[in-house]
**Student:** 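Starting off with a structure, shown below.
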Amino acid sequence: MKQKIPVGILGATGTVGQRFIERLAVHPWFELAAVAASDRSSGKPYAEAARWRLPSALPDRIGAMTVAAVTEEMPCRIVFSALDAATAREAEPACARRGMMVFSNASAYRMEEDVPLLIPEINAASLALLPRQRSQRRWKGAIVTNANCSTIFLAMALYPLHREFGVEKVFVTTMQAVSGAGYPGVASLDILGNVIPDIPEEAAKMEREVAKILGQTRGDAVVPAPFTVSAMTYRVPVEDGHTESVSVGLSRRVPAAEIERAWNEFRGPDEVAALPSAPERPVIFLSEAQRPQPRRDVDAAGGMATLVGGLKPCALLDWKFTALGHNTVRGAAGASVLNAEYAAAQGLLD
Ligand SMILES: NC(=O)c1ccc[n+]([C@@H]2O[C@H](COP(=O)([O-])OP(=O)(O)OC[C@H]3O[C@@H](n4cnc5c(N)ncnc54)[C@H](OP(=O)(O)O)[C@@H]3O)[C@@H](O)[C@H]2O)c1
């Protein structure tokens with residue numbers, strides 16, 4: 001890339017917005033040119049508007065940037081969105097209409113038929129929806145989404161099994177970190193020493209999104225994968241990292257060694273594996289007992305891998321295992337940046 005591509009962040013002051021800043025401040029292809037947030041923040045220097053919570057230092061250049069309103073023109077070809085769904089529903093199309101490529105974490109457009117729900121290691125072909133999106137909506141730009149954070153780790157763990165053995169049924173229970181609720185998120189008196197069931201709308205998102213991601217792109221449409229997913233979701237007192245207990249039914253009998261091999265051998269397409277943010281191994285199988293664990297494993301591969309372990313026969317379905325991923329990295333900002341890298345490498349930003 002001869003010249004860096006100017007990019008902006010919508011929702012730059014929040015939990016995911018800060019992860020975007022951390023990644024974009026040192027990105028080899030992208031140059032952070034604008035940060036935007038709500039009226040509470042706009043007009044202020046970023047360092048004053050945001051309560052920086054990451055262990056890495058906020059770069060001085062970015063701390064001094066003035067926060068824009070999400071409705072303002074931004075000097076960018078790409079915007080990364082870390083807005084809540086209601087705000088995203090208005091703000092993201094406005095950017096796409098102005099000619100920007102929007103890479104979104106919000107749920108607002110994920111399930112629209114003409115919007116890619118992209119994990120490039122799995123469904124790179126879904127970018128074929130973009131010409132239809134642009135012509136139907138008369139946008140010069142476009143929206144590309146990444147999935148709900150828990151969905152991403154489930155899809156990653158299932159895909160190597162689905163493409164080789166055929167997944168038929170999935171039952172998943174999540175144990176999700178507090179950073180997944182944004183900042184300030186869940187009150188400490190609600191979560192300390194506690195577990196909160198039924199994260200609003202989370203189970204339904206997982207159930208529908210995983211079928212779209214593992215579906216087939218045919219022409220400019222996606223045919224969802226024909227399996228059934230049942231999800232239960234829980235907030236737990238963990239800072240970062242969503243853990244998932246997964247039971248899976250396959251279309252044929254498969255020994256444990258074959259499942260482990262499918263995970264170990266899984267790699268994205270070469271053009272995805274070569275991208276700056278792509279993990280060397282998208283799925284890492286841990287053979288040690290009682291792994292993966294958020295405290296020990298969440299930062300593996302810089303937070304970009306999905307970890308799986310504890311594979312055992314399941315008395316109800318065929319196999320059960322534990323999956324884990326970093327919710328604000330591969331589950332959010334890192335996923336969007338990887339999506340944008342893939343689009344750039346495919347010439348979609350030229
Ligand atoms: N946290 C995760 O692990 C995670 C993972 C995957 C996806 N997501 C999704 O990513 C998005 C952001 O989540 P988050 O956890 O970063 O939330 P958050 O910490 O609450 O941050 C929300 C951001 O949106 C801005 N915002 C709020 N209301 C606004 C408005 N009316 N107009 C313009 N900007 C507004 C906030 O700006 P101010 O600071 O000015 O209020 C802030 O920058 C959500 O859609 C969430 O579902 C989150």
Side-chain angles (χ1 to χ4, degrees), residues 8-23 34-54 62 65-72 74 79-92 94-95 102-111 117-119 143 145-155 174-187 199-202 204-206 209 233 235-236 238-244 294 298 303-304 324-339:
I9 305 171
L10 307 175
T13 48
T15 305
V16 175
Q18 296 190 13
R19 282 286 180 201
F20 272 124
I21 286 177
E22 186 180 56
R23 302 188 80 79
V35 288
S38 78
D39 294 346
R40 293 178 287 277
S41 305
S42 60
K44 295 181 186 164
Y46 182 87
E48 193 185 307
R51 189 175 168 142
W52 187 255
R53 292 194 63 260
L54 295 179
I62 295 165
M65 288 171 93
T66 302
V67 178
V70 294
T71 47
E72 276 175 54
M74 286 192 281
V79 283
F80 294 101
S81 170
L83 295 170
D84 60 276
T87 310
R89 189 153 278 287
E90 304 293 321
E92 292 179 358
C95 290
V102 181
F103 292 90
S104 174
N105 279 278
S107 60
Y109 291 94
R110 282 179 195 150
M111 295 306 295
L117 184 53
L118 180 63
I119 298 183
I143 297 177
T145 59
N146 45 265
N148 162 280
C149 35
S150 298
T151 306
I152 292 178
F153 314 130
L154 181 64
T174 69
M175 290 145 272
Q176 300 186 209
V178 284
S179 61
Y183 189 81
V186 192
I199 300 172
E201 297 172 40
E202 196 82 353
K205 286 180 190 167
M206 291 183 77
E209 290 176 15
T233 61
R235 188 75 64 200
V236 297
V238 163
E239 192 178 349
D240 288 316
H242 292 352
T243 306
E244 303 181 16
V298 77
M304 286 298 285
L324 168 75
H326 197 307
N327 50 295
T328 62
V329 182
R330 187 64 207 239
S336 278
V337 173
L338 183 66
N339 287 353

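Start at 1 with the first residue, then count along the sequence. Counting starts at 1 for both ligands and their atoms, following the listed order.
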**Student:** Would you check if there is a donor-acceptor pair between the side chains of Arg53 and Tyr183 at a distance under 3.5 Å?
**Tutor:**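 Side chains of Tyr183 and Arg53: no pair found under 3.5 Å.
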**Student:** State, without any angle test, whether Ser81 and Glu92 hold a side-chain donor-acceptor pair at a distance under 3.5 Å.
**Tutor:**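 Yes, Glu92 and Ser81 have a side-chain donor paired with an acceptor closer than 3.5 Å.
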**Student:** What are the atoms of ligand 1, with element, lying closer than 4.0 Å to any heavy atom of Ala106?
**Tutor:**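 Answer for ligand 1: 45 (O).
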**Student:** Closest by any non-hydrogen atom to atom 22 (C) of ligand 1: pick that one out of Ala82, Ala91, Gly182, Ala177.
**Tutor:**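 Selected option, by shortest heavy-atom distance: Ala82.
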**Student:** Got Leu154 and Glu209 here, is their nearest side-chain heavy-atom distance under 4.5 Å?
**Tutor:**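 The answer is no, as the side chains (C-beta and beyond) never meet within the 4.5 Å cut-off.
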**Student:** Run the numbers for me: atoms of ligand 1, each under 4.0 Å from some heavy atom of Arg40, listed by number.
**Tutor:**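 Under 4.0 Å from Arg40, ligand 1 has these atoms: 27 (C), 28 (N), 41 (O).
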**Student:** Do me a favour and list the nearest non-hydrogen protein atom to atom 33 (C) of ligand 1 with residue, atom name and distance?
**Tutor:**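 Protein heavy atom at minimum distance: Ser38 CA, 3.5 Å.
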**Student:** Among all protein heavy atoms in this structure, tell me which lies nearest to atom 16 (O) of ligand 1, with the distance rounded to 0.1 Å.
**Tutor:**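 Of every protein heavy atom, Val16 N, 2.8 Å lies nearest to atom 16 (O) of ligand 1.
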**Student:** I need the atoms of ligand 1 closer than 4.0 Å to a non-hydrogen atom of Gly331, numbered in the order shown.
**Tutor:**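 The atoms of ligand 1 under 4.0 Å from a heavy atom of Gly331 are 5 (C), 6 (C).
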**Student:** Out of all atoms in ligand 1, which are within 4.0 Å of some heavy atom of Ala332? Include the element for each.
**Tutor:**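 By the 4.0 Å cutoff, the relevant atoms are 5 (C), 6 (C).
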**Student:** List the closest protein heavy-atom neighbour of atom 31 (N) of ligand 1: residue, atom name, distance to the nearest 0.1 Å.
**Tutor:**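 Its nearest protein heavy-atom neighbour is Thr87 OG1, 3.6 Å.
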**Student:** What protein heavy atom sits nearest atom 44 (C) of ligand 1, and how far away is it?
**Tutor:**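 The closest heavy atom on the protein side is Leu83 O, 3.3 Å.
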**Student:** Using a strict 4.0 Å cut-off to heavy atoms of Ala12, name the atoms of ligand 1 that fall inside it.
**Tutor:**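 That gives atoms 43 (O) of ligand 1.
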**Student:** Just need the protein heavy atom nearest to atom 9 (C) of ligand 1, so name the residue and atom and give the distance.
**Tutor:**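 Looking only at protein heavy atoms, the one closest to atom 9 (C) of ligand 1 is Asn105 O, 3.7 Å.
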**Student:** Which residue supplies the protein heavy atom nearest to atom 1 (N) of ligand 1, what is that atom called, and how far is it?
**Tutor:**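 Here the nearest protein heavy atom works out to Ser179 O, 3.0 Å.
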**Student:** Is there a donor-acceptor contact under 3.5 Å linking the side chains of Glu244 and Gln176?
**Tutor:**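 Result is no, nothing qualifies.
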**Student:** Just go through Gly11, Gly14, Ala36 and tell me whose heavy atom is the nearest to atom 21 (O) of ligand 1.
**Tutor:**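 Going through Gly11, Gly14, Ala36 one by one, Gly14 has the nearest heavy atom to atom 21 (O) of ligand 1.
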**Student:** Consider only side-chain N and O atoms of Asn339 and Ser336, and report whether a donor and an acceptor are under 3.5 Å apart.
**Tutor:**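 No, because no side-chain N or O of Asn339 sits under 3.5 Å from a partner of the opposite role on Ser336.
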**Student:** Where is the nearest protein heavy atom to atom 43 (O) of ligand 1: which residue, which atom, and how far?
**Tutor:**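 Of every protein heavy atom, Thr13 OG1, 2.6 Å lies nearest to atom 43 (O) of ligand 1.
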